[in-house]
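The figures that follow rest on heavy atoms only: side chains count, while hydrogens, waters and symmetry mates do not. Here, residue 1 is the first one in the sequence, and each next residue gets the next number.
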Amino acid sequence: MKQSGFFDVEERLARLSGLGDQLEAFSRTVDFEVFRPDLEKALAYSDGSKGGRPPFDPVLMFKILVIQTLNNLSDERTEYLINDRLSFMRFLGLGLSDRVPDAKTVWLYQKRLTQAGAIDGLFNRFDATLRNVGYLPMSGQILDATLVAAPKQRNTNAEKADLRAGRILEDWQDKPAKLSHKDRHARWTLKFTKAKQQDDGTMPSSDLAIPFFGYKSHVSIDRKYRFIRKWKTTHAAASDGARLREGLLDKTNTASSVWADTAYRSKANEDFMEKQGFVSKVHRKKPHLKPMLRHIQKSNAGKSVIRSRVEHVFADQKSQTGLFVRTVGISRATMRIGLANIVYNMRRLLFLERLNASA
């Protein structure tokens, strides 16, 4: 076997480009330098006057988080694959002889961003980039929420009651290592799914209710381009409808229509939207113990054609990036979901740019 050289690596990278390297497309389309001011402000690194090894470039580390989110990787797996894959190294601008951040460094970097609450600024920075290149929020907006799984907690009923009341058990307070592994913010809820037809052709008398533990990702997308414009993270048992009044509506959208399912239909929400100048296209609920009027059925069906577009966002996040919270606590869950929303918008930008180039 001959010894590999520089031109052998270049040939392999050229072949990766020919096969369609998504990360290379990211490098061409997304200007990661726009994130630098927010990253440097959040990290607040020293000027190096006291000596010591200099920190890794903050933009390089942010690109590592993008890789991690795209591929649903743990910190350890991220370190391994950066060392292993030429496509990862090219995306990060690293050579074969360059130092690669280890898993601990990646963890500490994300921790500092989380503690600084930087994710909102990073998301807004990229949203501003989208607007600057012409992707303004247009044609109204669509709201929805999806459950995001987190590692299940093994707590007693008494411990669960204390958690719901916001109390920390004395036993946990005396054991900081144990406390650090207890997620005091995630909650159990029931995930309802439509019952499927059985082998004999009959339908079960009721839908299925599946216990679910974790968090909930609430988003608002614009109807025209389907970018996520507003978002919020809560525990899994939080009400969908109440979040509408907590900053999910985008007042900069060029149209005033708001689409959402029946979970968002309430007098408080209707009054709020009317007061804020929005036009409600929220699905109407079926009257209790009465058949739904035909004109309401027809209206809901028309709304569903538009509202269903938000489901594609969640399907993309879960099928392409395996959206899952590996960490403990709502601050880190917010960071994880926020990164997933940024990466989704990046992937959406790539798709629209390819579409425009082929038109």
Straight-line distance of Phe32 CZ to Lys63 NZ, nearest 0.5 Å = 6.0 Å
Looking at Asp75 and Arg326, does any basic side-chain N land under 4.0 Å from a carboxylate oxygen?
-> no
With sequence neighbours excluded, what pairs up with Asp57 under the side-chain hydrogen bond (donor to acceptor under 3.5 Å, both in side chains) test?
-> Arg36
Is the backbone of Asp127 close enough, under 3.5 Å, to the side chain of Asn345 for a donor and an acceptor to pair up by distance?
-> no
Applying side chain to side chain contact (heavy atoms under 4.5 Å, CB included) to Ala340 and not counting sequence neighbours gives Thr69, Gln317, Leu323, Arg336
Say whether, by atom type as modelled, one donor and one acceptor occur between the side chain of Asp316 and the main chain of His312 under 3.5 angstrom.
-> no
Phe56 meets the ring pair (Phe, Tyr, Trp, His ring centres under 6.0 Å) criterion, sequence neighbours left out, with none
Within 45° cone of Phe351 ring axis and under 6.0 Å: Arg348 NZ or CZ = no
Any side-chain heavy-atom pair of Phe91 and Ile67 under 4.5 Å = yes
May I have the step-by-step check of side-chain contact (heavy atoms from CB on, under 4.5 Å) for Asp120 and Trp231, ending in yes or no?
-> CA-CA 9 Å; Asp120 284 329; Trp231 62 282; 3.5 Å; yes
Residue set satisfying side chain to side chain contact (heavy atoms under 4.5 Å, CB included) with Glu24, at least two apart, ordered chain then number -> Ser17, Asp21, Arg28, Arg90
Side chain to side chain contact (heavy atoms under 4.5 Å, CB included) partners for Ala255, two or more places apart | Asn253
Only pairs under 3.5 Å count here: list side-chain donor-acceptor contacts from residues 104-111, not counting sequence neighbours, and write none if there are none.
from	atom 1	to	atom 2	distance (Å)
Thr105	OG1	Asp102	OD1	2.7
Tyr109	OH	Pro58	O	2.7
Tyr109	OH	Phe62	N	3.3

NZ/Lys224 to CG/Leu352 distance, rounded to the nearest 0.5 angstrom?
-> 10.0 Å
Residues that Phe126 engages under ring pair (Phe, Tyr, Trp, His ring centres under 6.0 Å), provided they are two or more places apart | none
Residues which pass side chain to side chain contact (heavy atoms under 4.5 Å, CB included) with Lys303, listed by chain and number, not counting sequence neighbours = Trp259, Arg265, His283, Ser299, Asn300
Would you mind listing the cluster partners of Phe324? Hydrophobic ones only (ILVMFWY), side-chain contacts under 4.5 Å, chaining allowed.
-> none
Kindly write out the residues that satisfy ring pair (Phe, Tyr, Trp, His ring centres under 6.0 Å) with Phe278, not counting sequence neighbours, or none if the list is empty.
-> none
What residues, two or more places apart in sequence or in another chain, satisfy side-chain hydrogen bond (donor to acceptor under 3.5 Å, both in side chains) together with Lys318?
-> Thr146
Under 3.5 Å donor-acceptor, Asn269 side chain and Tyr264 backbone | yes
Those residues at least two apart in sequence (or on a different chain) that pass ring pair (Phe, Tyr, Trp, His ring centres under 6.0 Å) with Phe26 are none
